[in-house]
Amino acid sequence: MTLLRVHLTSSLPTSPPALADLLLSLSAARSLPKGQQLHARLLKSGFLSSPAAAFRPLSNHLITFYARCGLPLHSRDAFDDSPSPRPPAAWSSLLSALAQNGLPLLAITAFRSMLLAAVPPSDRSLPSAAKAAAAISSPFLACSLHALALKTPFTDDVFVASSLVDMYAKSALLPQARRLFDLMPHRNVVSWSAMIYGYAEAGLETDALQLFKMALAELEPPGVNDFTFSCVIRVCSTATLLELGSSVHAHCFKTSFDSSPFVGSSLISLYSKCGLVEEAYELFDRMPERNLGAWNAILIASAQHGHTHAAFDRFHQMKAAGFAPNFITFLCLLTACSHAGLVDEGKRYFALMSEHGIEPGAQHYAAMVDLLSRAGRITEAVAFIEEMPIEPTESVWGALITGCRIHKDADTAAYAAAKLFETGSSSSGAHMLLSNAYAAAGRYADAARTRKAMRDQGVRKETGLSWLETAGKVHTFVSGDRVHPRSDEIYAVLAEVGERMERAGYVPDTSHVLRDVGGEEKLAAIWYHSERLAIGLGLLVVPEGQAIRVMKNLRVCVDCHTAIKCLSKCTGRTIVLRDNNRFHRFEDGVCSCGDYW
DNA sequence: ATAGGGTTAG
């Protein structure tokens, strides 16, 4: 429509309104070359430096135009070129340009300049300032900005208040966010979503879900939207609440929001994280519109389920579809390589990053160390760390210790742990990793000493948990526990299946029990590991022909892995077990990880 | 003639 008018070389409109119109249409089309051409001609004509009121909007449109094209610094130049004093609208446009294009510090600086120029904060500028403050995530800045907003007549404005709620939530000040939210006289989807997102991000899943239900009840039609849905689905996927997640999916379907690429991406992640990778694939293949997040979500699904070559294929399809991979894409690929022990492929993808203009970050280095050391190339991993151009992080050293544990290299593990503690970390993970590495190498005294050091520092070991969802309820188990109401039946079914397994030739392997205890005790310790109890419940409640899906927060031990393979053969059941790193699908005596994990 | 929220990894 309006685009047909754009023939800049021939005739240029001369009336300010016509020029403004032209700029707006270029903005909408994000047509950078034509816009820049027009900018040059406007500069030559002197329109931009004219103090006449009729020409003022032109500068504003230019600021917005460059913001739309993702060039916030050009927006700032356009602002700087406009004659002083700048109208409030110019400031608002500038703030929006900077805040929306990832330059929050510059946005806050500009906001200060605005205040110094005696332009009062308004319902237009405050939301942008709040967005910038949210990105900076400083509690002090958040409080100052709120205090400033309280002195304006706009505190009850939905835009202002919503953006302040979002700012507090992203500055890890959830109580303040909620207080402000509760005080709002009017709330809309954005206010609700900002609050739900804050709870989700903080791991307060119950609060997030409760608020979601309230939003459904309180919002006038059309009610919640794609953003709200994707937040809530994300909550379901981190908590692996498949049944709740599916009901939210049904709701998305009814409201047609399931065609949103944002909603689709979070649904892919939900099904994948709950162990239903086939559903995730099907969903992806049927998506009417895919974006980068959707491609990454499906890559993650393939990687976590050990479908390594499917991940590689998707990567090529993604590039063929015209999507530029980002840093997450490469994390997925490196994870996929690590899960399959494909060292050379991993190195190739790592090298490929720079070709795509992506600087490897600490996480990529950690993934490479994970890949090398899991594959047994400990010396190479150490050399790789030494050559890193950035300071190795906690997770880099952690990845090395994990590899050392698997390959029983206690000395390198101790070296890595010492380095890890130098980074100032005191997380229980590091101590446990080292202790386990010692135990794996048979150095029980060192293992005990490490655990004691950990206790002395007041660090608690993370308890091993497994859980299983059935009939909308999550059942959680710890090793050897008899708390579950159906405990007797669970132990009985495990004993019965255990006999069948032993007849089929299964011999319990206690060599990996990490504490130096007697034989009997070792046997009991592994037979009632939390994942086996959860599987026991699964045998009782999950209908035949349906996979038993169990989640675990720690790595599955070697004996449980062997036992579950055998159990799948003896019972004819499929067991999907998610540990802290990946998925295992046990079917007919074999595991999808190929015993490499 | 200007304004607020975002997927995916860990």
Side-chain angles (χ1 to χ4, degrees), chain A residues 16-17 20-21 23-24 27 53 56-61 63-64 67 79 86-97 99-100 121-132 134-135 154 157-167 169-170 188-198 200-201 224-231 233-234 237-238 260-270 272-273 284 287 290-301 303-304 323 325-335 361-364 366-367 370 393-395 398-399 580-581:
Chain A
D21 226 32
L23 255 176
L24 277 174
S27 249
R56 285 324 254 293
L58 291 178
S59 296
N60 258 346
H61 286 317
I63 297 171
T64 313
F79 176 87
R86 281 95 181 186
W91 287 101
S92 308
S93 306
L94 173 66
L95 290 178
S96 160
Q100 289 196 4
S122 69
D123 54 341
R124 313 288 165 161
S125 56
L126 281 169
S128 291
K131 183 179 164 68
F154 307 110
D157 178 88
V158 190
F159 276 55
V160 172
S162 299
S163 64
L164 290 175
V165 167
D166 181 59
M167 172 187 75
K170 288 190 178 143
N188 63 12
V189 209
V190 178
S191 343
W192 284 98
S193 306
M195 201 60 233
I196 294 171
Y197 177 84
E201 193 66 13
V224 299
N225 62 15
D226 53 345
F227 174 57
T228 334
F229 278 125
S230 74
C231 282
I233 295 165
R234 201 177 124 207
S237 49
T238 41
S260 145
F262 292 109
V263 173
S265 304
S266 30
L267 283 170
I268 289 169
S269 168
L270 168 77
S272 166
K273 282 189 177 154
F284 179 83
M287 275 177 91
R290 303 185 186 104
N291 57 11
L292 182 60
W295 282 101
N296 282 341
I298 203 70
L299 275 173
I300 291 155
Q304 287 189 329
F323 286 91
N326 70 355
F327 76 106
I328 293 174
T329 316
F330 283 101
L331 273 177
C332 302
L333 290 167
L334 295 177
T335 311
Q363 292 177 84
H364 300 98
D370 183 77
T393 55
E394 195 184 329
S395 33
N580 58 355
N581 191 39

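Order of the sequence lines sets the chain letters (A, B, ...), proteins ahead of strands, with each chain counted from 1.
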Only one of A/Pro127, A/Pro121, A/Ser122 clears side chain to side chain contact (heavy atoms under 4.5 Å, CB included) with A/Arg124; which?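 It is A/Ser122; the other options fail the test.
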A correct 5'-to-3' footprint of nucleotides 3-10 of chain B, with B, S and - meaning base, sugar-phosphate only and no protein heavy atom under 4.0 Å, is BBBBBBBS
Check against side-chain contact (heavy atoms from CB on, under 4.5 Å), A/Arg290 and A/Ile298: CA-CA 11 Å; A/Arg290 303 185 186 104; A/Ile298 203 70; over 6 Å; no
Strictly by modelled atom types, are A/Ser163 and A/Asp166 linked by a side-chain donor-acceptor pair under 3.5 Å?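 No - no donor-acceptor pair under 3.5 Å links their side chains.
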Does a side-chain heavy-atom distance below 4.5 Å link A/Ser191 with A/Val158?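 Contact flag for A/Ser191/A/Val158 side chains = yes.
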If we only count heavy atoms from C-beta on, is the A/Thr335 to A/Gln304 side-chain gap below 4.5 Å?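 The answer is no; the side chains never approach within 4.5 Å.
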